[in-house]
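Take a look at the structure set out below.
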Amino acid sequence: MKAIMVMFDSLNRRFLPPYGAEGVHAPNFTRLAERTATFDTCYGGSMPCMPARREMHTGRHNFLHRGWGPLEPFDDSVPEILKEHGVYTHLVTDHQHYWLDGGATYHPRYNTFELFRGQEGDEWKGHVADPDVPESVAHTANPLRRQDWINRLYLTEEADHPQTQTFDAGMHFIRTNHTEDDWFLQIETFDPHEPFFSYDDYKKLYPDDYDGPHFDWPDYKRVTETPEQVAHLRNQYMALLSMCDRSLGRVLDLMDDLSLWEDTLLVVCTDHGLLLGEHDWWGKNTPPFWGETIHTPLFVWDPRSRVAGERRKSLVQTIDFGPTLLEFFGIDRTPDMRGMPLRHVVAEDIPVRDAGLFGCFGGHVSVTDGRYVYMRACATQGNQPLAEYTLMPTHMRGRFPVETLRHATLTEPFSFTKGVATLRVPGYSYTDPYAFGTLLYDLENDPEQRTPLIDDDLELRMATLLTRLLRIEEAPPEQYERLGLPRNGPVTRDHLLVQKQWEQVQAAERPPLTAEEFPSSRLGVLTPTRDLLTEPAAEAVLRRHLGALMESPMLPEALPFSLLEISELATGLISRETLHAIAEDLAGL
């Protein structure tokens, strides 16, 4: 038996023809749906990239205990379990986060792996001189953008592109090993993640008369661009998606040529989607996880049941991918896994769960039963308390600051840490979900989630469902306190939040702040934060208004950005009122 997983990043299901998209050139996704079971109710779990991959390895959610980080020493790893049972595992990927601090323990779990450089500001080619950059739509001072323009100098041909090289390597593995048995191949590309960089052959599929500044990489913020710029950016995304479709087609062709459909499991999936102007937002992470980001596409071919061209309605999640692989190779899932094998869902649409949990560390904690979605915000402004439980204290691009680790304490083990105590470290979030409020949606009557509901009876049912899952997942005590839910006993009407936070729900629809709303002064909320911190008087203003935020490990990452940009990228961390107060005080210096 053999298995292939083709994994994309930031694949918005609403841009795929099998999920109703029109005007998108993706014939191989259409062909894929004709050869597989297409899942209509697949949801991600832990957001975003590496947390989702931790779920795939471990078969359990991690976002309640930990933000972005490596596999922990006590974690189960499905590729490693397969390897230990004699199944050869191979990873080919251009996902640059694997070789950064926050992902460095994932790829060594495979027998072998190949990594390809150059995606999204990957620190790859070294140029001391600044690259030539065309006039671009206004964006924040993300230092990755400079590196990305350098990398593009080496990606002039499609054959040079890391996506192409990733699929080349996957095809090589298949051709080399197709007559062998017991192997698993993961072909994983970072695309169609931003920046939406592709080639003319794909851009020609989506002609527009746009003649404005360069725009293929949106910030994660509210949409402030013109309708023409929005339409152009979506075209860039679709062009890159069409490039992904071509790569997918190469795998399908090879499966045809080598008759791999007879004995090879095929899973085509993504970690999450992406907002492309829907809900007036770009990207992910800051706003609640509406369907565009968390309701994901999934296609599965199982040679045992041979189901093809059929839809599956049962609710499944990312945590099910690993157990599905284990079951296919006749290996039992571990006691710590919450995910379920999808064999019988594929074969007969037999449900494996009645509810799914999803969210990111410090964000909304959400639950769906397939029809309703309940997005629980923190009960009070400030989004505290938060704590991370880890033995691998690294974030996406760096280690935990020593100042943070000085506050770490050793805690009692959770059941899934296999008797190992972990560090309890003060936690911080890039957003305050209180700014958006608690949200409740009926997907049957409001599939685009445009009209949140106020329904106490429904909220009570969904909050009870959410609390049940928190207890199953052994959520730490901070999460119950932060969310205003009982750690023990029943959920009552006193715990409901939708009506209490309706003002925040409505306020979240206000237009974003603009530079013109603030006084013009030498120092202000438009000044890079690092420059403000060089002047003691300005630093004192920030400490007076921002308090503990000034001590968080997020501060080093925020230094290139102005306070206005930070307020856009991390909604709720700095309120409008606080931003105006800071601007007034800085103008007086």
Side-chain angles (χ1 to χ4, degrees), residues 5-22 24 26 29 32-33 38-53 55-56 63 68 95 97 119-120 188-196 216-223 230 233-245 248 267-299 315-321 356-360 363-364 366 368 370 373 375 431 439 441 443 446-450:
M5 175 183 285
V6 179
M7 182 177 173
F8 299 95
D9 193 302
S10 305
L11 189 58
N12 184 325
R13 70 196 288 273
R14 296 185 181 182
F15 282 75
L16 297 178
Y19 290 99
E22 297 180 355
V24 179
F29 275 99
L32 175 68
T38 300
F39 283 73
D40 288 323
T41 319
C42 179
Y43 276 77
S46 299
M47 288 283 286
C49 303
M50 297 319 293
R53 283 153 183 80
E55 287 197 347
M56 294 179 190
F63 74 94
W68 185 299
H95 199 286
H97 293 294
Q119 291 278 21
E120 192 216 19
E188 179 183 337
T189 180
F190 192 64
D191 293 324
H193 193 288
E194 77 284 346
F196 309 136
D216 66 9
W217 188 346
D219 287 320
Y220 289 0
K221 64 176 186 61
R222 290 285 297 275
V223 174
V230 171
L233 187 76
R234 290 166 71 92
N235 281 342
Q236 304 311 295
Y237 177 83
M238 289 188 288
L240 183 55
L241 192 155
S242 292
M243 183 174 167
C244 293
D245 181 81
L248 171 65
V267 178
V268 179
C269 60
T270 187
D271 50 357
H272 52 71
L274 194 74
L275 289 167
L276 290 154
E278 303 93 341
H279 306 278
D280 292 325
W281 274 91
W282 298 121
K284 56 183 184 290
N285 300 344
T286 297
F289 293 129
W290 290 297
E292 291 83 1
T293 47
I294 203 68
H295 189 176
T296 58
L298 176 64
F299 306 86
L315 174 62
V316 302
Q317 288 203 271
T318 306
I319 57 172
D320 300 323
F321 297 173
L357 186 71
F358 61 89
C360 71
H364 285 79
S366 304
T368 182
V373 173
M375 299 172 164
T431 185
L439 299 162
Y441 294 100
L443 298 181
D446 181 24
E448 296 184 356
Q449 294 172 275
R450 295 183 179 275

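- The backbone N or O of V373 lies less than 3.5 Å from no partner atom in the side chain of T368, so there is not a single donor-acceptor pair.
- Residues C360 and F289 form a side-chain contact, since some pair of their non-hydrogen atoms from C-beta on lies under 4.5 Å apart.
- Applying the ring-ring contact (aromatic ring centres under 6.0 Å, His included) test between F29 and each of Y19, F8, F15 identifies F8 as the sole match.
- Side chain of D9 to main chain of T189: no donor-acceptor pair is present (N/O by atom type, distance under 3.5 Å, no hydrogens or angles).
- Between F196 and Y237, the ring planes are perpendicular. Angles over 60° get that label, and only those under 30° would be called parallel.
- Within the 4.5 Å cutoff, no side-chain heavy atoms of W282 are placed close to those of R222.
- Taking all atoms of both residues into account, the shortest heavy-atom contact from P287 to L275 is CG-CD1, 3.8 Å.
- Of the possible donor and acceptor atoms, none in the side chain of H272 sits under 3.5 Å from a partner among the backbone N and O of A52.
- Side chain of R450 to backbone of D446: no donor-acceptor contact under 3.5 angstrom is found.
- When side chains are defined from C-beta on, V316 does not count as touching T41, because their heavy atoms never get closer than 4.5 Å.
- Contacts of E120 classified as salt bridge (Lys or Arg N to Asp or Glu O under 4.0 Å), with partners at least two apart in sequence or in another chain: none.
- Closest of all the heavy-atom pairs between T38 and A33 is OG1-CB, 3.5 Å.
- Heavy atoms only, all atoms of each residue included: A26 and L241 are closest at CB-CD2, 4.1 Å.
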Please assess E194 against D216 for the test side-chain contact (heavy atoms from CB on, under 4.5 Å), listing each intermediate value before the final yes or no. CA-CA 7 Å; E194 77 284 346; D216 66 9; over 6 Å; no
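- In this structure, SG on C269 lies 4.5 Å from CZ on F321, to the nearest 0.5 angstrom.
- With sequence neighbours excluded, the residues satisfying salt bridge (Lys or Arg N to Asp or Glu O under 4.0 Å) with D320 are R353.
- Residues S366 and L357 fail the side-chain proximity criterion, which asks for heavy atoms closer than 4.5 Å.
- Rounded to the nearest 0.5 Å, atoms CD (E448) and NE2 (H279) are 7.5 Å apart.
- For G356 against Q317, the heavy-atom pair with the smallest separation is CA-OE1, 3.2 Å.
- Side-chain contact between M375 and Q449: present, with at least one pair of heavy atoms (C-beta onward) separated by less than 4.5 Å.
- Remark: E292 pairs with R14 by the salt bridge (Lys or Arg N to Asp or Glu O under 4.0 Å) rule, at least two apart or across chains.
- With N12 contributing its side chain and L274 its backbone, the two residues share a donor-acceptor pair below 3.5 Å.
- Nearest heavy atom pair, residue H295 against residue D40, reads NE2-O, 2.7 Å.
- Here the side chains of N285 and T293 are not in contact, with every heavy-atom distance at 4.5 Å or above.
- Of all the heavy atoms in C244 and D191, the pair that sits closest is SG-CB, 3.6 Å.
- Evaluation of the salt bridge (Lys or Arg N to Asp or Glu O under 4.0 Å) rule for R13 yields no partner, not counting sequence neighbours.
- Remark: W68 engages no residue in a side-chain hydrogen bond (donor to acceptor under 3.5 Å, both in side chains) (not counting sequence neighbours).
- No side-chain heavy atom of H95 sits less than 4.5 Å from a side-chain heavy atom of H193.
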Does M7 form a side-chain contact (heavy atoms from CB on, under 4.5 Å) with M56? I'd like the steps, not just the answer. CA-CA 11 Å; M7 182 177 173; M56 294 179 190; 3.1 Å; yes
Given the rule in the side-chain contact (heavy atoms from CB on, under 4.5 Å) test, do Q236 and W217 qualify, once you have shown the distances and angles that lead to the verdict? CA-CA 9 Å; Q236 304 311 295; W217 188 346; over 6 Å; no
Could you go through Y220 and W281, starting from their C-alpha distance and side-chain angles, then the distance that decides it, and tell me whether this counts as side-chain hydrogen bond (donor to acceptor under 3.5 Å, both in side chains)? CA-CA 7 Å; Y220 289 0; W281 274 91; over 6 Å; no
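- Within the structure, salt bridge (charged side-chain N to carboxylate O under 4.0 Å, His left out) pairs that include any residue of residues 276-291 comprise R234-E278 (at least two apart or interchain).
- To the nearest 0.5 angstrom, S46 atom OG is 3.5 Å from E55 atom CD.
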May I have the step-by-step check of side-chain contact (heavy atoms from CB on, under 4.5 Å) for L16 and L11, ending in yes or no? CA-CA 9 Å; L16 297 178; L11 189 58; 4.1 Å; yes
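- Exactly one of T318, T296, I319, L315 qualifies for a side chain to side chain contact (heavy atoms under 4.5 Å, CB included) with Y43. That residue is L315.
- A heavy-atom distance below 4.5 Å is not found between the side chains of S10 and T270.
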